Chemist: 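For reference, the structure I am asking about is given below.
Reckoned from all heavy atoms, side chains included, excluding hydrogens, waters and symmetry mates. Small disclaimer: the values here were computed from a predicted structure and weren't measured.
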Amino acid sequence: RPMVRVLFVCMGNICRSPTAAGVFRALVEREGLADRVVVDSAGTHAYHAGEGADRRALRTAANRGVDLSEHVARGVRSTDFDSFDFILAMDRDNLAELLSLAPAAARPRIRLFMEYAEPQPLGGGRVVAEVPDPYYGGPDGFDRVLDLIEAAAAGLLAEVGRVLDSRT
């Protein structure tokens, strides 16, 4: 059966990308697609490699029924560019970093994760394009991250479903 592979990427792989992977994995399981969709996460900077998710991310996700306790941080590997169908950056800095590392053939598969969300108004006619890094902020930053991730995950699931349908 055809598979789709999704990689979520932030900087350190301890807050945003593991949260996005956890939320998306739960969505995929709920839709009965766990045997057809592979979900992973990584960081553009590997300085947290081997660590678990940030305790605030763990707690905030757990409050919404998403378990991040098995997460182990890792850096982006060159093989990721060949193996993943969707490589989704949490913000523009990480998008730029991924595009600079990726071979030309992989670049079309690298996008901002928030492109899959219904527009989230910021005020002044602007919309949220990035999942902000909550690391140095307070606990409500983690709730905001979860809200944005949940919004984009639903749109991503629809796109992944279309890709799966086209491959059957």
Side-chain angles (χ1 to χ4, degrees), residues 3-31 33-34 36-54 56-58 60-62 64-102 106-118 120 128-135 141-161 163-164:
M3 298 285 287
V4 169
R5 297 174 57 87
V6 180
L7 181 68
F8 295 97
V9 182
C10 66
M11 189 187 297
N13 193 219
I14 58 168
C15 296
R16 295 171 291 173
S17 57
T19 299
V23 166
F24 194 66
R25 195 174 289 118
L27 207 51
V28 161
E29 285 168 10
R30 198 159 60 232
E31 293 297 317
L33 295 170
R36 300 184 64 196
V37 181
V38 174
V39 181
D40 198 1
S41 67
T44 53
H45 296 70
Y47 40 60
H48 292 290
E51 294 178 24
D54 182 287
R56 297 163 297 173
L58 276 165
T60 308
R64 300 200 194 187
V66 175
D67 180 14
L68 304 181
S69 63
E70 302 291 308
H71 175 70
V72 179
R74 71 172 181 88
V76 171
R77 301 189 269 267
S78 59
T79 53
D80 291 336
F81 295 111
D82 299 322
S83 18
F84 287 92
D85 301 291
F86 293 84
I87 302 171
L88 302 170
M90 295 294 125
D91 61 38
R92 289 186 186 94
D93 287 346
N94 287 296
L95 179 69
E97 184 76 16
L98 286 167
L99 290 169
S100 76
L101 296 169
R107 288 188 196 124
R109 298 192 307 273
I110 302 171
R111 309 201 21 207
L112 279 173
F113 179 44
M114 284 307 292
E115 288 180 25
Y116 292 97
E118 290 292 317
Q120 308 288 311
V128 177
E130 302 179 294
V131 178
D133 190 346
Y135 189 78
F142 285 84
D143 273 313
R144 175 74 174 136
V145 162
L146 252 302
D147 291 343
L148 294 171
I149 285 170
E150 287 173 350
L156 176 60
L157 184 68
E159 181 64 22
V160 165
V163 171
L164 284 170

Chemist: To the closest 0.5 Å, what do you measure between CG (Asp85) and CG (Leu7)?
Modeler: 11.0 Å

Chemist: Looking only at heavy atoms, what is the nearest atom pair of Val23 and Val66, with distance?
Modeler: N-CG1, 3.8 Å

Chemist: Whether the side chain of Arg36 engages the backbone of Gly161 through a donor-acceptor N/O pair (distance < 3.5 Å, no angle test) should be reported.
Modeler: no

Chemist: Can you tell me how far CD1 of Ile87 sits from CZ of Phe81, rounded to the nearest 0.5 angstrom?
Modeler: 5.5 Å

Chemist: Between His71 and Asn13, is there a donor-acceptor pair closer than 3.5 Å when you use the side chain of the first and the backbone of the second?
Modeler: yes

Chemist: State the CG-CZ distance between Asp67 and Arg25, to the nearest 0.5 angstrom.
Modeler: 10.0 Å

Chemist: Find out whether the Lys NZ or Arg CZ of Arg5 is both under 6.0 angstrom from the six-membered ring centre of Phe84 and within 45° of the ring's axis.
Modeler: yes

Chemist: Write down the atom of Ser17, the atom of Met90, and the distance for their closest heavy-atom approach.
Modeler: N-CG, 4.4 Å

Chemist: Does Arg56 count as lying over the ring of Tyr135, i.e. NZ or CZ under 6.0 Å from the six-ring centre, within 45 degrees of the axis?
Modeler: yes

Chemist: Which distance, rounded to the nearest 0.5 Å, do you find between the CD of Glu115 and the CD of Glu159?
Modeler: 10.5 Å

Chemist: Is it true that a side-chain atom of Asp91 and a backbone atom of Glu130 form a donor plus acceptor pair closer than 3.5 Å?
Modeler: no

Chemist: Nearest 0.5 Å please: distance from the NE2 atom of His48 over to the CD1 atom of Ile14.
Modeler: 3.5 Å

